[in-house]
Amino acid sequence: MNLALHSGWLGALEAGALAFVIGLLAYLLSHVLARALRWPEGHAIGWAAFAGVAIGAGIDLWHLFSLFFVNPGSPARVQLALAGIHDPDGLGTRVVMEIMGALGGALVAWMAFESRRADGNPPRS
């Protein structure tokens with residue numbers, strides 16, 4: 001795909017929005033799986049949050065982690081490591097926004113399912 005990727009705050013917000021959608025979809029999938037396997041709702045939320053962060057922020061988290069192992073005494077290796085990263089200046093911001101987006105997506109999907117369940121079942125008297 002030939003996407004126009006933005007840098008800075010706009011790129012971080014776009015990445016966070018994509019991770020939000022991934023978190024929503026991860027919760028939908030884990031909710032169906034949890035019902036089929038008769039897991040508690042907490043397992044569905046936990047696996048959705050884990051999958052959303054792993055898919056939504058995985059590659060940027062890996063880049064951030066791998067930068068710790070680059071020898072700063074070798075400018076060629078540093079330049080090579082930074083060349084493979086889109087917008088290395090905004091990498092930390094993008095990772096934070098992706099994590100918040102993925103967790104927020106799973107939370108919003110869980111809240112939507114809980115409100116639907118509460119509306120469908122009238123209270124017992």
Side-chain angles (χ1 to χ4, degrees):
M1 292 182 0
N2 211 0
L3 298 174
L5 299 172
H6 293 93
S7 58
W9 275 100
L10 183 59
L13 290 174
E14 286 175 350
L18 285 171
F20 181 83
V21 172
I22 291 170
L24 282 171
L25 295 174
Y27 180 77
L28 293 177
L29 180 68
S30 69
H31 180 76
V32 169
L33 186 64
R35 279 204 164 187
L37 297 174
R38 294 190 175 137
W39 287 348
E41 194 64 27
H43 287 268
I45 297 167
W47 281 110
F50 175 74
V53 169
I55 295 169
I59 192 69
D60 286 331
L61 273 171
W62 175 252
H63 285 309
L64 192 63
F65 176 73
S66 66
L67 282 178
F68 286 108
F69 299 106
V70 175
N71 183 7
S74 173
R77 291 203 184 252
V78 171
Q79 189 176 20
L80 184 65
L82 292 176
I85 300 173
H86 170 75
D87 188 26
D89 292 334
L91 182 62
T93 306
R94 197 167 59 244
V95 166
V96 168
M97 295 302 284
E98 287 169 342
I99 291 173
M100 287 175 33
L103 295 178
L107 177 69
V108 167
W110 172 71
M111 288 172 38
F113 269 94
E114 284 298 313
S115 68
R116 189 183 70 170
R117 187 180 307 161
D119 292 343
N121 297 332
R124 296 180 188 182
S125 300

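Remember, predicted model here, so these are calculated numbers, not experimental data. Numbers for residues simply follow the sequence, beginning at 1.
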*Kindly indicate, with the supporting measurements, whether the criterion ring pair (Phe, Tyr, Trp, His ring centres under 6.0 Å) is fulfilled by Phe65 and Trp62.*
CA-CA 5 Å; Phe65 176 73; Trp62 175 252; 5.7 Å; yes
_Walk me through whether Leu10 and Glu14 qualify under side chain to side chain contact (heavy atoms under 4.5 Å, CB included)._
CA-CA 6 Å; Leu10 183 59; Glu14 286 175 350; 4.1 Å; yes
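Taking every heavy atom of both residues into account, Ala49 and Leu103 meet most closely at CB-CD2, 3.5 Å. When all heavy atoms of Ile99 and Ala57 are compared, the pair lying nearest together is CG1-CB, 4.3 Å. Contact between Ala48 and Tyr27 at its shortest, heavy atoms only, is CB-CA, 3.4 Å. Taking each heavy atom of Val108 and Leu24 in turn, the nearest pair found is CG1-CD2, 4.3 Å. Of all non-hydrogen atoms in Ala51 and Ala26, the two that sit nearest each other are CB-CB, 4.3 Å.
Atoms OG and CD, from Ser30 and Glu41 in turn, are 8.0 Å apart once rounded to the nearest 0.5 Å. To the nearest 0.5 Å, atoms CG (Leu33) and CG (Leu28) are separated by 12.5 Å. In this structure, CZ in Phe20 is found 10.5 Å from CG in Leu25, a value given to the nearest 0.5 Å. Put simply, CD1 on Ile22 and CD1 on Ile55 are 6.5 Å apart, with the number rounded to the nearest 0.5 Å. Atom CG in Leu13 sits 11.0 Å away from atom CG in Leu18 (nearest 0.5 Å).
Linking Ile, Leu, Val, Met, Phe, Trp and Tyr whenever their side-chain heavy atoms come within less than 4.5 Å puts Val21 and Ile45 in one cluster. Placement of Leu64 and Val96 in two distinct hydrophobic clusters is found when ILVMFWY residues are connected by side-chain heavy-atom separations under 4.5 Å, directly or transitively. Note on Phe113: it does not cluster hydrophobically with Leu37, by side-chain heavy-atom contacts below 4.5 Å among ILVMFWY residues.
Residue pairs meeting the salt bridge (Lys or Arg N to Asp or Glu O under 4.0 Å) criterion with at least one partner in residues 42-59, sequence neighbours excluded, are absent. Applying the salt bridge (Lys or Arg N to Asp or Glu O under 4.0 Å) test to residues at least two apart or on different chains, none of the pairs has a partner in residues 17-32. For the salt bridge (Lys or Arg N to Asp or Glu O under 4.0 Å) condition, the pairs that include at least one residue of residues 50-76, sequence neighbours left out, are Asp60-Arg94.
Residues that satisfy the side chain to side chain contact (heavy atoms under 4.5 Å, CB included) test with Ala19, not counting sequence neighbours, are Glu98, Ala102. Listed by chain and number, the residues in a side chain to side chain contact (heavy atoms under 4.5 Å, CB included) with Ala34 are Trp39, Ala44 (sequence neighbours excluded). The ring-ring contact (aromatic ring centres under 6.0 Å, His included) test applied to Trp9 returns no partner, not counting sequence neighbours.
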